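A quick write-up on the structure given underneath.
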Amino acid sequence: MVIIFEVCCGSYQDALNAAAGGASRIELNSALYLGGLTPSTASLKLIKAKTKLKVICMVRPRPAGFCYNNYEFEQMLFETENLLENGADGIAFGCLNSDYTINTNQVERMSDLINKYKAETVFHRAFDCVGEPLKAVEILVNFKIKRLLTSGQKATALEGIELIKQLQKKYGQQIEILAGSGINSANAAEILQYTGISQLHATCKSYKEDNTTTAIGVSYGYLKGQLLNSYEEVDPSIVRKIVTVIDKKV
């Protein structure tokens, strides 16, 4: 069985680091500290030109939840087409109604657009907010969504391992199950073995410091305490550790 390891990246630099660590695929975002927003086409084009990575692009127009008005959804469609025109291999997205159900109209329109480019459709962790997960998966299968990223509706995939296993057993032949959140070299093998899935997603981050984050009377930091002047970056050594664990599992 081929195990696919996807690294969540927030920049061109992150992607280079993920490639150096041995990742086979990335999810490209901007603003990961907000949960990940739509990336720039410039970062996508650089990554496609300089690496052999498969690149799934996040399409998310704002932080917080996933219930989008008509203007926000119009932006999502425009961003999706722009990214696909510039080489994205797939699009990760999620659209919900305010009652925690799948917004079938928006999912259908996104899927139709992505399929027009013969790219991969990925429903992201908006799924972890739905009220009836099995019913939601059946809707996604109906729309022929290729892959579902989930933590099993818990804070981490390890905590949500039972639902992930259930999803794989019941729907794994119809939709790829990609486990994410809290994946590391200490739990990767356990999650793969217990659930029967073949794909993992992780951030693999460490911290870099930029002392110009703060000056006298002003700060642009978004982290706290000793990390005030820091930012997150994919660490190739962390990627490599997880890849090594996966290679042993295979």
Side-chain angles (χ1 to χ4, degrees), residues 6-15 18 26-44 47 55-83 88 90-103 105-107 109-110 113-114 121-131 136 145 147-157 160 178-183 201-208 210 213-214 218-225 227-234:
E6 175 180 282
V7 176
C8 186
C9 295
S11 66
Y12 173 45
Q13 179 68 67
D14 276 356
I26 67 166
E27 180 193 86
L28 180 62
N29 302 253
S30 64
L32 284 178
Y33 63 95
L34 294 174
L37 302 180
T38 306
S40 70
T41 53
S43 61
L44 169 62
I47 293 162
V55 182
I56 307 300
C57 288
M58 173 67 74
V59 168
R60 186 170 175 235
R62 60 162 170 82
F66 312 99
C67 183
Y68 301 113
N69 65 34
N70 290 338
Y71 299 112
E72 291 167 334
F73 188 64
E74 180 184 16
Q75 179 180 333
M76 289 176 70
L77 291 172
F78 193 88
E79 289 174 335
T80 295
E81 188 146 34
N82 191 29
L83 291 164
I91 300 294
F93 70 98
C95 303
L96 302 181
N97 297 308
S98 59
D99 63 355
Y100 301 94
T101 59
I102 302 285
N103 186 319
N105 177 57
Q106 291 182 350
V107 169
R109 291 180 66 189
M110 285 289 287
L113 177 56
I114 297 163
T121 50
V122 184
F123 198 90
H124 60 45
R125 288 187 61 211
F127 172 82
D128 292 324
C129 296
V130 300
I145 299 297
R147 185 158 56 251
L148 169 62
L149 171 62
T150 179
S151 62
Q153 298 206 316
K154 300 293 183 183
T156 69
L178 170 63
S181 187
I183 304 290
H201 168 104
T203 55
C204 302
K205 66 186 177 186
S206 60
Y207 297 94
K208 293 288 184 72
D210 181 344
T213 303
T214 57
V218 67
S219 174
Y220 297 96
Y222 65 95
L223 297 167
K224 305 289 185 183
L227 294 173
L228 180 61
N229 287 344
S230 300
Y231 60 96
E232 299 150 302
E233 186 174 286
V234 168

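Keep in mind that what you see is a predicted model, and the values were worked out from it rather than measured.
- Glu232 is not listed as a side-chain neighbour of Thr203, based on a closest heavy-atom distance of 4.5 Å or more.
- Within a 6.0 Å radius of CD in Gln13, other residues, nucleotides and ligands contribute more than 12 heavy atoms.
- Residues Asn103 and Phe73 have side chains not in contact (no heavy-atom distance under 4.5 Å, counting atoms from C-beta outward).
- A donor-acceptor distance shorter than 3.5 angstrom exists from the side chain of Asn69 to the backbone of Tyr71, with no hydrogens or angles considered.
- With hydrogens and angles disregarded, a donor-acceptor distance shorter than 3.5 Å links the side chain of Asp14 to the backbone of Val234.
- We find the CZ-CZ distance between Phe66 and Arg125 to be 8.0 Å, quoted to the nearest 0.5 Å.
- Put simply, the side chain of Val107 reaches to within 4.5 Å of the side chain of Ile145, judged on heavy atoms.
- In this pair, Phe93 and Phe123 present their aromatic rings perpendicular. The plane angle is above 60°, beyond the 30 to 60° band.
- Checked by atom type and distance alone, the side chain of Ser181 pairs as donor or acceptor with a backbone atom of Ala155 at under 3.5 Å.
- With hydrogens and angles ignored, the 3.5 Å screen pairs a side-chain donor or acceptor of His124 with a backbone N or O of Gly94.
- Using a 4.5 Å cut-off on side-chain heavy atoms (C-beta onward), Thr41 and Leu83 make contact.
- The minimum heavy-atom distance linking Pro61 with Gln75 is given by the pair CB-NE2, 3.6 Å.
- One N or O on the side chain of Gln153 and one on the backbone of Phe127 form a donor-acceptor pair closer than 3.5 Å.
- Val122 places none of its side-chain heavy atoms less than 4.5 Å from the side chain of Glu27.
- From Leu178, atom CG reaches atom OG1 of Thr150 across 9.0 Å, with rounding to the nearest 0.5 Å.
- Annotation: the span from Leu28 atom CG to Ser43 atom OG amounts to 4.5 Å, rounded to 0.5 Å.
- Considering only heavy atoms from C-beta on, Met110 comes within 4.5 Å of Thr80 through its side chain.
- Contact between Cys8 and Leu32 at its shortest, heavy atoms only, is SG-CD2, 3.6 Å.
- Remark: Leu228 CG to Tyr220 OH distance equals 13.0 Å, nearest 0.5 Å.
- Here the shortest heavy-atom pairing between Pro63 and Leu37 reads N-CD2, 3.6 Å.
- The closest donor-acceptor contact from the side chain of Arg60 to the backbone of Gly36 lies under 3.5 Å.
- The backbone N or O of Ile102 lies less than 3.5 Å from a partner atom in the side chain of Asn97, making a donor-acceptor pair.
- Taking CE of Met58 as the reference point, atom CD1 of Ile26 lies at 12.0 Å (rounded to 0.5 Å).
- Atom CD1 of residue Ile183 and atom OG1 of residue Thr156 lie 8.0 Å apart, to the nearest 0.5 angstrom.
- Without hydrogens or angle criteria, Gln106 side chain to Tyr68 main chain gives a donor-acceptor distance under 3.5 Å.
- Counting heavy atoms from C-beta outward, Pro39 and Leu44 have side chains that stay 4.5 Å or more apart.
- Among Tyr231, Tyr207, Tyr222, the single residue meeting the ring pair (Phe, Tyr, Trp, His ring centres under 6.0 Å) criterion with Tyr33 is Tyr222.
- In this structure, Ala126 and Leu96 approach most closely via the heavy-atom pair O-CD1, 3.6 Å.
- Residue Asn70 places its CG atom among 12 or fewer non-hydrogen atoms of other residues, nucleotides or ligands, all under 6.0 Å distant.
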